[in-house]
Amino acid sequence: MIIKENLLYSAGATEEHYNPGDYIFREDTIPHFYYQIVTGVVKLNSYNDDGKEFIQNIFSDESTFGESMLLLAKPYPVNAVTISRCTVLKVSREQIFKLMDANPYILLSLCKVLSERSYEKNVLMRKITSKNAEERLMEILDILKQSHMNRDKFSFEIPYTRQQLGAFTGICVETVIRAIKRLEKNNVLMIRNRKIFY
DNA sequence: TCATTAAAGTTAT
DNA sequence: ATAACTTTAATGA
């Protein structure tokens, strides 16, 4: 959790409810709010000229998203779309700036979040330059697993569909499917009723 | 090696 | 039932 919920409420936070597929904000619009997920999963995506989706990031419970654009007051370069039912706290830009003024540690934790995001992007960019789809996929599986604790083989259920993995890596679904099957043959991962365990 | 297209199978709502 | 997701196969860059 980046900012305590009661603090957000004291800053006039409103609780927003979304159904899967709802847009929280759209590309090219100006940010006016700080968003923090209470429950649910949100993706940041964009579409290329062919209409192919590219997922930039996926966030779930207790994380904030779109904060860098809010601070900069630059138009969103991505859409925020809910993947599941979501409850999200929403605080106006003015109020969140007041909060940061009054609570230096909030500023600090925001800095930390931004640094983390930047670091993750660097790692991702570095890894995603791997040659073939199979290796690229393995790299992002590694990254995803790092966020959850258990290091054991096959202990981590990938919380994404093959389509989402494809949109996340820029690989088409069919290739994801084939690559994953090959990885299963090589004992890198395990498939149990269509769920991927890594 | 991989994207694309098409078509069919499976699961979730 | 319908939509969403997965799978297989053929083709071409």
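The model shown is predicted, which means the values in this text are computed figures rather than measured ones. Lettering of chains follows the sequences in order, A, B, ..., and the numbering in each one begins at 1.
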Would you kindly give the [atom1]-to-[atom2] distance between [X] and [N], to the nearest whole Å?
| X | N | atom1 | atom2 | answer |
| --- | --- | --- | --- | --- |
| A:I158 | C:dT6 | CD1 | P | 13 Å |
| A:R194 | C:dT8 | CZ | P | 10 Å |
| A:E135 | B:dC2 | CD | P | 9 Å |
| A:I177 | B:dG9 | CD1 | P | 16 Å |
| A:N193 | B:dA12 | CG | P | 8 Å |
| A:K195 | C:dC5 | NZ | C1' | 10 Å |
| A:L165 | C:dT7 | CG | C1' | 15 Å |
| A:E174 | C:dT6 | CD | C1' | 9 Å |

Can you check whether [X] has a side-chain N or O nearer than 4.0 Å to OP1 or OP2 of [N]?
| X | N | result |
| --- | --- | --- |
| A:K181 | C:dT8 | yes |
| A:T175 | B:dA3 | yes |
| A:R162 | C:dC5 | no |

Evaluate side-chain hydrogen bond (donor to acceptor under 3.5 Å, both in side chains) for A:Q56 paired with A:S46, printing each intermediate quantity in order. CA-CA 8 Å; A:Q56 316 267 354; A:S46 57; 3.1 Å; yes
Closest approach to the side chain of A:T161, judged atom by atom: which nucleotide of B:dT4, B:dC2, C:dT6 is it? C:dT6
Look only at the side chain of A:T82 and the backbone of A:Y18, and say whether a donor-acceptor pair between them is shorter than 3.5 Å. no
Using modelled atom types only, decide if a donor and an acceptor are shared between the side chain of A:N132 and the backbone of A:E135 within a distance under 3.5 Å. yes
Strictly under 6.0 Å, is that where the ring centroids of A:F156 and A:Y198 end up?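 Here the rings of A:Y198 and A:F156 have centres that are no less than 6.0 Å from each other.
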Check against side-chain hydrogen bond (donor to acceptor under 3.5 Å, both in side chains), A:Y47 and A:E27: CA-CA 10 Å; A:Y47 294 88; A:E27 192 174 345; over 6 Å; no
Mind checking A:G166 for me? I need base, sugar-phosphate or nothing, with any heavy atom below 4.0 Å counting as a touch.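 Answer is nothing: A:G166 stays at 4.0 Å or more from every strand.
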Presence of donor-acceptor pair under 3.5 Å, side chain of A:R178 and base of C:dA9: yes
